[in-house]
Amino acid sequence: MKEVALIDTKSFWDVVSRTGVQLFHADRAKMMQRVDEFTEGMAQWSETERLLFYNDEPLYVAADLLDIEPDAEHHRAYTAMVRNMNSQRP
């Protein structure tokens with residue numbers, strides 16, 4: 001699959017996976033399988049469709065992959081998780 005320019009897709013999917021495992025308590029292998037299946041299907045999308053998709057919040061992508069409706073606590077935990085991840089960047 002061609003990578004969309006200006007989008008760090010690896011980091012995006014890392015956050016989606018981490019969100020699924022840490023916030024929604026998904027099994028890591030199950031989450032990775034869902035991500036792999038979804039990204040394989042994205043190969044059929046146009047570059048514009050992929051670009052639009054990568055503007056979505058990883059919280060919602062992980063929730064959709066797991067068929068979960070995020071609640072206020074998920075939003076709070078997600079915000080804290082992302083802040084923590086960003087504070088650890090060099």
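Ion pair Asp14/Arg18 not flagged as a salt bridge, since none of the NZ, NE, NH1 or NH2 atoms sits closer than 4.0 Å to an Asp/Glu carboxylate oxygen.
Nearest approach of Thr39 to Asp36, heavy atoms of both residues: OG1-O, 3.1 Å. Looking at every heavy atom in both residues, Gly20 comes nearest to Ala62 through N-CB, 4.0 Å.
The shortest side-chain heavy-atom distance between Leu59 and Leu23 falls under the 4.5 Å cut-off. In this structure the side chain of Lys30 reaches within 4.5 angstrom of the side chain of Leu66, judged on heavy atoms.
From Gln22, atom CD reaches atom CG of Asn84 across 9.0 Å, with rounding to the nearest 0.5 Å. One distance of note links CE of Met31 with CZ of Arg34; it measures 8.0 Å at 0.5 Å rounding. Taking CZ of Arg50 as the reference point, atom CG of Asn55 lies at 13.5 Å (rounded to 0.5 Å). Here Glu57 contributes atom CD and Thr19 contributes atom OG1; the two are 8.5 Å apart, rounded to the nearest 0.5 Å.
Residues Phe38 and Trp45 bring their aromatic ring centres within 6.0 Å. Proximity of the aromatic rings of Phe24 and Tyr78 is defined here by a centroid distance below 6.0 angstrom, and this criterion is not met. If you look at Tyr60 and His74, their ring centroids are not closer than 6.0 Å.
If you chain together hydrophobic residues whose side chains sit under 4.5 Å apart, Phe53 and Val16 fall into the same group. With hydrophobic clusters built from ILVMFWY side chains whose heavy atoms lie under 4.5 angstrom apart, Tyr54 shares a cluster with Val35. Using a 4.5 Å cut-off between side-chain heavy atoms of Ile, Leu, Val, Met, Phe, Trp and Tyr, with links allowed through other members, Val82 and Phe12 fall into the same hydrophobic cluster. Clustering ILVMFWY residues whenever any of their side-chain heavy atoms sit less than 4.5 angstrom apart, transitively, puts Val15 in a cluster other than the one holding Leu52.
Note on residues 61-87: pairs passing salt bridge (charged side-chain N to carboxylate O under 4.0 Å, His left out), not counting sequence neighbours, are Glu73-Arg76.
Listed for the Gln44 side chain is no donor-acceptor partner under 3.5 Å among the backbone atoms of Gly41. Not a single donor-acceptor pair under 3.5 Å links the side chain of Ser11 to the backbone N or O of Asp8.
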